[in-house]
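Notes for the one structure printed next.
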Amino acid sequence: MSVIVISKGSYSHGNEVATRVAQELGLDCISRDILIGTSKQFNISELRLLRAIEDAPSFLEKYTFGREKYIKYIKAAILNELAKGKIIYHGFAGHF
């Protein structure tokens, strides 16, 4: 199983780099679609998932573990894709 994770910054053309590398190596290329699929699968808005990654936990979330739950959903979705085989992932939450 081969996995390449490309983290992109603003104006870095990460999408183009990931797509071209995937074509050259014959790998599948996935990205933010994972977040969209996760939001549908677990019936959670994509905005909540994004906030779980981007924002610091609120006072209430420190005790309810809501943020950790959303991050686990994202991790599960990424791991399901990784289990399928050779992929390149670019974009949000690749560090998970």
Side-chain angles (χ1 to χ4, degrees):
M1 173 187 335
S2 298
V3 178
I4 297 173
V5 177
I6 298 175
S7 176
K8 61 182 181 176
S10 298
Y11 308 109
S12 65
H13 304 287
N15 184 28
E16 291 85 3
V17 171
T19 302
R20 172 110 11 122
V21 171
Q23 289 172 348
E24 290 291 322
L25 298 177
L27 304 175
D28 292 329
C29 186
I30 58 174
S31 66
R32 185 179 176 159
D33 299 339
I34 285 181
L35 285 181
I36 295 169
T38 302
S39 70
K40 290 178 183 177
Q41 179 181 0
F42 294 106
N43 198 24
I44 302 167
S45 74
E46 186 180 352
L47 183 60
R48 282 189 185 234
L49 293 174
L50 290 173
R51 285 185 180 161
I53 298 167
E54 289 181 336
D55 299 343
S58 68
F59 179 77
L60 185 59
E61 286 176 333
K62 290 180 184 179
Y63 299 104
T64 61
F65 304 103
R67 181 176 185 266
E68 286 84 2
K69 177 175 62 173
Y70 296 144
I71 290 174
K72 286 180 183 179
Y73 291 154
I74 295 167
K75 285 181 181 181
I78 291 173
L79 288 173
N80 283 335
E81 290 297 321
L82 293 177
K84 293 178 183 177
K86 301 176 180 182
I87 65 164
I88 291 182
Y89 176 79
H90 68 92
F92 233 47
H95 60 288
F96 291 129

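Only heavy atoms go into these numbers, but all of them, side chains included; no hydrogens, no water, no symmetry mates. Note that the coordinates shown come from a computational prediction; the quantities given were computed from them, not determined experimentally.
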Worksheet entry | Non-hydrogen atoms of Ile88 and Ala22 that approach each other most closely |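 Scanning both residues, the minimum pair turns out to be CD1-N, 3.4 Å.
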Worksheet item: Minimum heavy-atom separation for Ile30 to Ile87, with atom names?
Response: CD1-CD1, 3.5 Å
Worksheet item: Given the rule that I, L, V, M, F, W and Y join up when any side-chain heavy atoms are under 4.5 Å apart, are Ile36 and Leu79 in one cluster?
Response: no
Practice prompt. State plainly whether one hydrophobic cluster holds both Val17 and Leu25, where clusters connect Ile, Leu, Val, Met, Phe, Trp and Tyr through side-chain heavy atoms under 4.5 angstrom apart.
Written response: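 Same cluster.
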Worksheet entry | Side-chain (Thr19) to main-chain (Glu16) donor-acceptor, under 3.5 angstrom |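 Looks like no, no N/O pair under 3.5 Å.
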Item to complete: Would you give the length of the straight line joining atom CZ of Phe42 to atom NZ of Lys69, rounded to the nearest 0.5 angstrom?
Response: 10.5 Å
